[in-house]
Protein chains: 2
Amino acid sequence: MKQATIYSIAQALEVSASTVSRAFSRPDLVKPEVRERVLATARELGYAPNRAARGLATGRTGLYGLLVPDVTNPFFPPLIRAIQQAAARVDAGVLLVDSEGSGAAETALVSRIKAQVDGLLVASPRLATAKLKEALGAVPSVIINRAAQGLATVVCDNTAALREAATHLHDLGHRRFALMRGPSASWAAGRRAHAIRSWAQEAGVSLAELGHYEAVFVDGRRAAAQIVESGATAVFAFDDLMAAGVIAGLSDLGETVPRDRSIIGCDDVLLARTMTPGLTTVTAPLEELGRQSVLALHGLLEQRPVPNVQLQGTLTVRGTTGPPP
Amino acid sequence: MKQATIYSIAQALEVSASTVSRAFSRPDLVKPEVRERVLATARELGYAPNRAARGLATGRTGLYGLLVPDVTNPFFPPLIRAIQQAAARVDAGVLLVDSEGSGAAETALVSRIKAQVDGLLVASPRLATAKLKEALGAVPSVIINRAAQGLATVVCDNTAALREAATHLHDLGHRRFALMRGPSASWAAGRRAHAIRSWAQEAGVSLAELGHYEAVFVDGRRAAAQIVESGATAVFAFDDLMAAGVIAGLSDLGETVPRDRSIIGCDDVLLARTMTPGLTTVTAPLEELGRQSVLALHGLLEQRPVPNVQLQGTLTVRGTTGPPP
DNA sequence: ATGAAAGCGCTAACAG
DNA sequence: CTGTTAGCGCTTTCAT
């Protein structure tokens with residue numbers, strides 16, 4: 001059966017194609033009774049509007065591009081899911097692209113897809129803000145999890161939760177802290193480091209700063225030796241993945257967590273919940289991040305002014321204990 | 001600046017629009033010299049072909065729909081990444097949709113997107129084959145990780161690797177085995193169960209069959225008690241996520257893995273590599289699965305006959321030890 | 001509230 | 001090898 005068009009429906013009902021079109025895109029402009037009949041026969045004929053045709057006529061594709069640096073980093077899947085859901089709610093599809101962690105690739109990918117989407121959601125971009133802006137050009141975009149002057153952003157602030165975590169460890173008796181810094185180009189890494197550094201200063205406790213490391217498991221594992229060397233009993237890993245790496249690395253060296261040291265992760269990805277024992281970490285509101293990003297992009301597309309949004313991470317305590325005697 | 005079209009280029013070069021069009025879509029049909037000039041001014045004018053227009057004219061969208069039951073299940077991200085890469089190589093984008101594990105949603109989503117894609121990649125569908133086929137209708141589709149009579153499929157067979165794992169445990173001295181069955185509707189679960197069951201029969205060892213369970217962490221955790229009860233020292237979890245759950249559950253009961261029991265996972269998702277100690281599991285060739293699926297779909301779209309492909313999982317030994325004395 | 005008609009930007013015969 | 005001519009299916013003035 002040939003795919004139905006507005007014309008087949010129009011013909012069947014002896015109305016004009018415009019009426020059928022309006023029944024779908026501007027229902028209020030068509031007499032309720034007629035509208036009903038149109039919708040009914042549309043259903044019968046299995047009609048679905050042709051997106052390409054609509055796109056050609058309106059200049060809208062109904063697609064949001066989503067650019068992530070690494071789908072396999074457990075931080076992203078929940079975000080992707082939330083975005084996909086929220087997008088569906090405004091009748092948009094999600095075109096997913098993975099930049100494989102390369103800033104250069106980001107530029108290429110952005111220019112490659114910006115022609116086929118209505119707007120772009122760029123998660124944790126590696127690119128410097130200036131280059132990013134240049135690549136984005138005039139495509140409506142929202143930047144997720146990164147500050148970017150002059151661009152719409154949706155970020156998560158973990159400062160309060162990290163300070164709370166630090167206090168928690170301090171209360172348990174820890175006095176020697178270490179901070180494993182994330183990638184030097186990462187905005188989030190900078191923020192997190194700053195939060196912990198300033199807490200340590202205020203609290204007057206010693207803080208060994210290690211890294212920068214890449215935010216991957218093996219880097220955490222390799223870093224274990226430096227942690228032991230630092231003498232810290234309480235460790236802030238850049239994220240959960242690194243925390244898992246540290247735990248593995250410490251185990252390689254014969255230590256057990258949290259018996260010998262306490263590790264704090266960040267993001268509360270699946271990993272953190274499925275480890276045994278569980279990982280104390282800062283839970284990122286990924287659902288909300290996704291939802292807000294889509295809302296922002298949608299607003300942008302409707303020419304509405306969109307405020308930058310800042311969400312808060314929250315502390316989730318799981319395995320932490322006091323330092324060994 | 002208004003977006004350039006083939007006409008702006010044609011005008012600037014005093015050639016016809018068709019020539020410009022051909023320079024892009026059928027370069028071989030245009031005199032090299034002219035082609036060069038077209039491409040050059042296209043670049044100058046920042047021209048990018050309008051996908052919607054092309055789509056309207058050709059009936060092709062350049063999009064592959066990818067339907068997964070749960071993006072946040074760590075099995076899928078590596079698959080998604082591989083698919084996205086492979087699709088990019090044939091100049092197709094990936095429209096990602098998550099069915100949230102619901103078979104009913106699958107039907108709805110399929111009909112929702114089948115109009116806007118050239119073909120569909122359906123991963124681990126929950127829907128019965130008949131319903132699936134009905135929902136898919138005439139859209140070229142390939143089914144990933146599931147057998148489906150009359151549909152193109154790309155699957156991973158773990159039989160050999162699971163038998164090898166079983167032998168490995170047997171060699172270590174284990175004599176009492178348990179099998180945690182996955183979802184009863186899952187094709188993969190059935191296959192895995194069959195593989196282990198028949199091995200146990202041949203080897204003449206006792207096998208306690210537990211479940212069916214949902215393939216999630218908490219179900220594994222809850223199942224720990226039944227494992228203890230079964231007396232098995234060697235346990236096949238349906239997948240890595242369940243394995244992690246079992247380990248957590250056993251820990252709740254005061255046991256340690258692998259000291260007290262050995263657990264085998266399946267799939268070798270990130271989780272399995274980042275656990276301490278590591279998880280012995282069957283590694284799924286996710287990259288290849290993705291690549292082959294895209295190749296198959298691409299073939300289908302070119303009217304080529306595509307064979308069903310079957311890949312092999314491989315055993316990866318990490319933490320397993322013999323049974324406690 | 002509805003219809004007629006003119007495109008949106010591109011591709012695909014068909015001629016030359 | 002290149003130009004001409006029709007559309008692809010939908011939206012959108014402009015009339016009625």
Side-chain angles (χ1 to χ4, degrees), chain A residues 1-39 41-42 45-63 91-93 114-118 301-302, chain B residues 1-39 41-42 45-63 91 93 113-118 301-302:
Chain A
M1 172 190 69
K2 224 173 157 326
Q3 178 55 40
T5 71
I6 48 171
Y7 291 103
S8 24
I9 309 190
Q11 205 164 12
L13 261 57
E14 308 202 291
V15 297
S16 81
S18 328
T19 303
V20 178
S21 169
R22 284 193 274 255
F24 285 97
S25 31
R26 324 279 310 271
D28 47 306
L29 293 187
V30 86
K31 199 198 311 187
E33 184 207 316
V34 181
R35 191 198 313 151
E36 286 314 317
R37 288 173 51 217
V38 171
L39 265 33
T41 60
L45 272 51
Y47 167 79
N50 178 323
R51 294 291 198 134
R54 176 177 292 183
L56 186 53
T58 59
R60 288 275 180 101
T61 62
L63 253 35
D91 204 38
K114 71 180 170 187
Q116 42 185 324
V117 299
D118 292 339
L301 292 171
E302 311 256 86
Chain B
M1 172 191 68
K2 221 170 160 325
Q3 178 55 42
T5 72
I6 48 171
Y7 291 104
S8 24
I9 308 190
Q11 206 165 9
L13 262 55
E14 310 203 290
V15 297
S16 83
S18 328
T19 302
V20 178
S21 168
R22 284 193 275 255
F24 285 96
S25 32
R26 323 277 310 270
D28 46 306
L29 293 187
V30 157
K31 199 199 308 186
E33 186 207 313
V34 181
R35 190 199 313 150
E36 286 314 317
R37 289 172 51 216
V38 171
L39 264 34
T41 60
L45 273 52
Y47 167 79
N50 178 322
R51 294 291 199 135
R54 176 178 291 183
L56 186 52
T58 59
R60 289 277 180 101
T61 62
L63 254 35
D91 203 38
I113 61 168
K114 70 179 170 188
Q116 42 186 325
V117 299
D118 293 339
L301 292 171
E302 312 256 84

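Note that the coordinates shown come from a computational prediction; the quantities given were computed from them, not determined experimentally.
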Check: Are side-chain N/O atoms of A:S18 and A:S21 paired as donor and acceptor at under 3.5 Å?
Finding: no
Taken to the nearest whole Å, CG/B:L29 to P/C:dA15 is 18 Å
Checklist entry - Got a donor-acceptor contact below 3.5 angstrom from the A:T58 side chain to the A:R54 backbone? => result yes
Does the side chain of A:S21 get closer than 4.0 angstrom to OP1 or OP2 of D:dT11 through an N or O atom?
yes
Note: for B:T19 and A:V20 on DNA chain D, the residue whose nearest nucleotide lies more 5' is B:T19
### Message
Taking the ring of B:Y47 and the ring of B:Y7, is the distance between their centroids below 6.0 Å?
### Response
no
- Message: Check this for me: does the side-chain of A:S18 come within 3.5 Å of the base of D:dT11 through a donor and an acceptor?
- Response: no
Of the listed D:dG9, C:dA13, D:dT12, the closest approach to the A:T58 side chain comes from D:dT12
Item to complete: Report yes if a side-chain nitrogen or oxygen of B:Y47 is closer than 4.0 Å to either non-bridging phosphate oxygen (OP1 or OP2) of C:dC10; otherwise report no.
Response: yes
To the nearest angstrom, the CZ-C1' distance between A:R26 and D:dT12 comes to 9 Å
Checklist entry - Which is it for A:D91 and A:R51 under the salt bridge (Lys or Arg N to Asp or Glu O under 4.0 Å) test, yes or no, and what are the steps along the way? => result CA-CA 12 Å; A:D91 204 38; A:R51 294 291 198 134; 3.8 Å; yes
B:E33 CD to D:dT2 C1', in whole Å, measures 13 Å
Under 3.5 Å donor-acceptor pair, B:R51 side-chain atoms to C:dG9 base atoms:
no
Side-chain atoms of B:K31 come closest, of D:dT12, C:dT11, D:dT2, to D:dT2
Considering only heavy side-chain atoms of B:I6, the closest of C:dC10, D:dT11, C:dG3 is C:dC10
> When you look at CD of B:E302, are more than 12 heavy atoms from neighbouring residues, nucleotides or ligands closer to it than 6.0 Å?
Replying inline: yes
Looking only at D:dG7, C:dC8, C:dT2, the nucleotide nearest the A:V30 side chain is C:dT2
note: B:Q11, atom CD; C:dC10, atom P; distance rounded to Å ~ 14 Å
When rounded to whole Å, the CD to P distance for the pair B:E14 and D:dG3 reads 10 Å
### Query
Is the distance from OP1 or OP2 of D:dG3 to the nearest side-chain N or O of B:S16 less than 4.0 Å?
yes
Considering only heavy side-chain atoms of B:R54, the closest of C:dT2, C:dT11, C:dG3 is C:dT11
When rounded to whole Å, the CZ to P distance for the pair B:R37 and D:dC1 reads 16 Å
B:F24 atom CZ is separated from C:dG9 atom P, nearest whole Å, by 15 Å
- Task: Decide yes or no, distance alone: a donor-acceptor N/O pair under 3.5 angstrom between the base of C:dC8 and the side-chain of B:Y7.
- Result: no
Please determine whether side chain to side chain contact (heavy atoms under 4.5 Å, CB included) holds for the pair A:Q116 and B:N50, giving the CA-CA distance in whole Å, both sets of side-chain angles, and the decisive distance to 0.1 Å.
CA-CA 7 Å; A:Q116 42 185 324; B:N50 178 322; over 6 Å; no
Between CG of A:N50 and C1' of D:dG7 the distance, given in whole Å, is 14 Å
Checking D:dC8, D:dG3, D:dT13 against the side chain of B:L56 (C-beta onward), the nearest is D:dC8
